[in-house]
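Note sheet for the following structure.
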Amino acid sequence: MNRRIRYLFTGIVQGVGFRPFIYRCAAELGLGGFVQNRTDGVGAEVEGSIEAIDAFIQRVKSTLPPMAQLVRVDVQEIDPEGSTDFHIIASDPAGERQTRISPDIATCADCLRELFDPDDRRHAYPFINCTNCGPRLTIIFDIPYDRVNTSMKEFPLCDACRKEYEDPLNRRFHAEPNACPVCGPKLKLLGPDGREEPCTDPLEHAVSLLKEGNILAIKGLGGFHLAVDATQDRALRRLRDRKFREEKPLAIMVKDIDSARRLAEISNEEESLLLSPERPIVLLKKRANGMISHLVAPGMATLGIMLPYTPLHHILLSKGFSALVMTSANQKDEPICIRNDEAIIRLGGIADYFLVHDREILVRCDDSIAIARSNGPYLFRRSRGYAPKPLDLEYSCEDVLALGPQIKGSICIIRDSQAFLSPHIGDLETPQAQDFLLETISLMERISQCSPEIIACDMHPGYYTSQVARDMNTRTVVAVQHHHAHIVSCMAENNLTGKVIGLAMDGTGYGDDAQVWGGEFLLADEESYSRMGHIGYFLLPGGEQAIHEPWRTALSLLREAYGDAYLEYANRLGIIPETASPEMLDSLFRKRINSPWTSSLGRVFDGVASLLGLRGTVSFEGQAAMELESIADVQNRRVLPYRIDQDLVIDLSDMIRSIVEDHVNGIPREQSAGAFHATIADALGSVAELIRETSGVNRVVLSGGCFQNRILLQTCLDILNLKGFETHTHGLVPVNDGGVSLGQAVVAGIRAVRSRP
Ligand code: ZN
Ligand code: ZN
Ligand code: FE
């Protein structure tokens, strides 16, 4: 007796070769029926013996296409219709719009083989792709994901491509960006004025220009890169000068894993992250071999490396470069360029030439940045390759749009307990960046098909995101404390509910008392929190300015440690710049002009780096702290003295005195830096233990930008695990402010659900 089963598959099932896969599974088992795209997923009806149907669903679940992600399978038995053949039929526009948009996917092995096969019709074609790889999010303007809703609609398929597109057994069956040299996008090389350069082969010409030391703006997947040959000091100097980016590390792209290994030490986890279809920039331990310019990442122990992820990159890197700098193409604090005309205007003063093409990028998507930990990637920036894959929350949560904080931002929409984090937006300091925020809100509302009534934002009244929230005053606005949002973002990622001890170790966040928080111990759940303890307040002389001038923080730490004698020590250490007058210091400390109190651990790192003579000013936020991590001798685990008072406030004065005395006595600063990391980790562990004693809570959640510091993260985890805590850390949600929007969304959504009558 034949049976007929109706299935609805939901998750990432479109744009990943799911229908041909279902077709093959069913046809091979001799089943009848059909499969089709629906706006809420992929539907199938399958008819045959019960054994064959069982085998079918087993096979589907166990051999999914590489990029597919199955979230749910709805099953319903219906009356047999006597079907014996299996078909792929036209899309059914019915159903709710719930289909997930796939992130962009690095070029697959099959396409690469064709790309470098001289006999293939797509040999050296820089836009080759298939259902297992290629652009996705970055070319869509609406769902469902069909060619007419992408920037590929400008390119009618030629006969050969159409045949592939319509053949259910072909790897390019319904590969929406399918293209070839006959019908698809083409490269062009433009000069500085935007005029087309006369040349027969734009790519070959671009290669020789790079080799001559020129700066090229190269249109990629989610935006333009600025590229130079990473071995040429002069080219790097020009790029840095023109981009006003003095020292901030630049990412490089290398041909393959062996080339990466020549420049950095690579573990198994790091290798698989580098090779993953998401292809993030992976931060790796630099080898000191001088094979690339020292200007790539001056002063850093790490190097950001990525492997090619588009066919264009693969061809470029096959032309004999040991490494190319590939940095996001933008002016300082502006979002990455995506349009050709935009690039020519905005990058005019930076790039010498432009390697462009005519496939429009519709969604800005920077490269993602990650480190590899033993349990998987740990993201510093979640963007291309990861966005907009949603997170499934295992609890019910009202629909929310969360706007994130001010820097390193992203936004988040929760719809039906699925959290969609946007691509990286960046710092909202320029009008262009602020427009990008609005652009991203509209994008995310479109692809999640949801325009939530609840808006979540940071408590800081001066953030641009808070202003945008206030402007949406027809909706309900919920302000969420920054560090609570950090902790809840990590809880959400780990599917935790209920009370946790939250260690939010961070740069800057607006506190309940209007001071600058950043070294917080919260007893928190997904709805509320109490501040159980924090790093002892010190003045932040000059406010924001202290972020760029760590000597100010150093001075403040000295003042906490030595009282009025602080100037004497500051002079002995030589940390006060000549431009700072005694009157100025007096107005900062005594009159407290523009000098809030802070408990920021990020600033403590900056201040200690400055005390140790690493640097008094920085050219990008966190530089001093990163250098302190870079030089730290991890063998030195000496815990320096510190005190915890009865309110669980950590007083670091003893530690500061001991660091200063060691430094004056000639103890190498590598040792002091090591001891400093050990001391902070010890203090965090001790306070967590004290909170456990009174609360009985044994779960600790680590979040906030300071946990980008690998030594701090690992030392803290070691200590906490030794003390018997259950520890939780980030992974796919950024540990820094890039994850804050998720926490904001969950807090606001949960509060709304629970306040429902
Ligand atoms: Zn492919
Ligand atoms: Zn074609
Ligand atoms: Fe933060």
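Remember, it's 1-based here, ligands and their atoms both numbered in the order they're listed.
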Counting only N and O atoms by type, is there a donor-acceptor contact under 3.5 Å from the side chain of T150 to the main-chain atoms of M152?
yes
Test your reading of the model: is there a side-chain donor-acceptor pair from N149 to the backbone of Y145, 3.5 Å cut-off? no
Separation between NZ (K248) and OG (S619), nearest 0.5 Å, reads 9.0 Å
*asked:* Looking at Y309, I'd like to know if the NZ or CZ of R384 sits under 6.0 Å from its six-membered ring centre while staying within 45 degrees of the ring's axis.
replied: yes
**Pair K153 + E360: basic N to acidic O under 4.0 Å** = no
The NE2(H482)-the Fe ion (ligand 3)-OD1(D737) angle, to 10°, is 100°
Check your understanding: Quick one: does D120's side chain have a donor or acceptor within less than 3.5 Å of a partner on R122's backbone?
Key -> yes
| message | Salt bridge check, R603 against E621: does any charged N sit closer than 4.0 Å to a carboxylate O? | response | yes
Among N, O or S atoms, D506 approaches the Fe ion (ligand 3) most closely through OD2
Point to revise | Donor on one side chain, acceptor on other, E176 and Y165, under 3.5 Å | key: yes
request  = Flag the pair R136 and E278 as a salt bridge only when some basic side-chain nitrogen lies within less than 4.0 angstrom of an acidic carboxylate oxygen.
outcome  = no
Given a cut-off of 2.8 Å, the protein N, O or S atoms lying below it from the Zn ion (ligand 1) are C108 SG, C111 SG, C130 SG, C133 SG
Within the 2.8 Å cut-off the protein N, O or S neighbours of the Zn ion (ligand 2) are C158 SG, C161 SG, C180 SG, C183 SG
Subject >> Short side-chain donor-acceptor distance under 3.5 Å, N736 and H486 >> reply: no
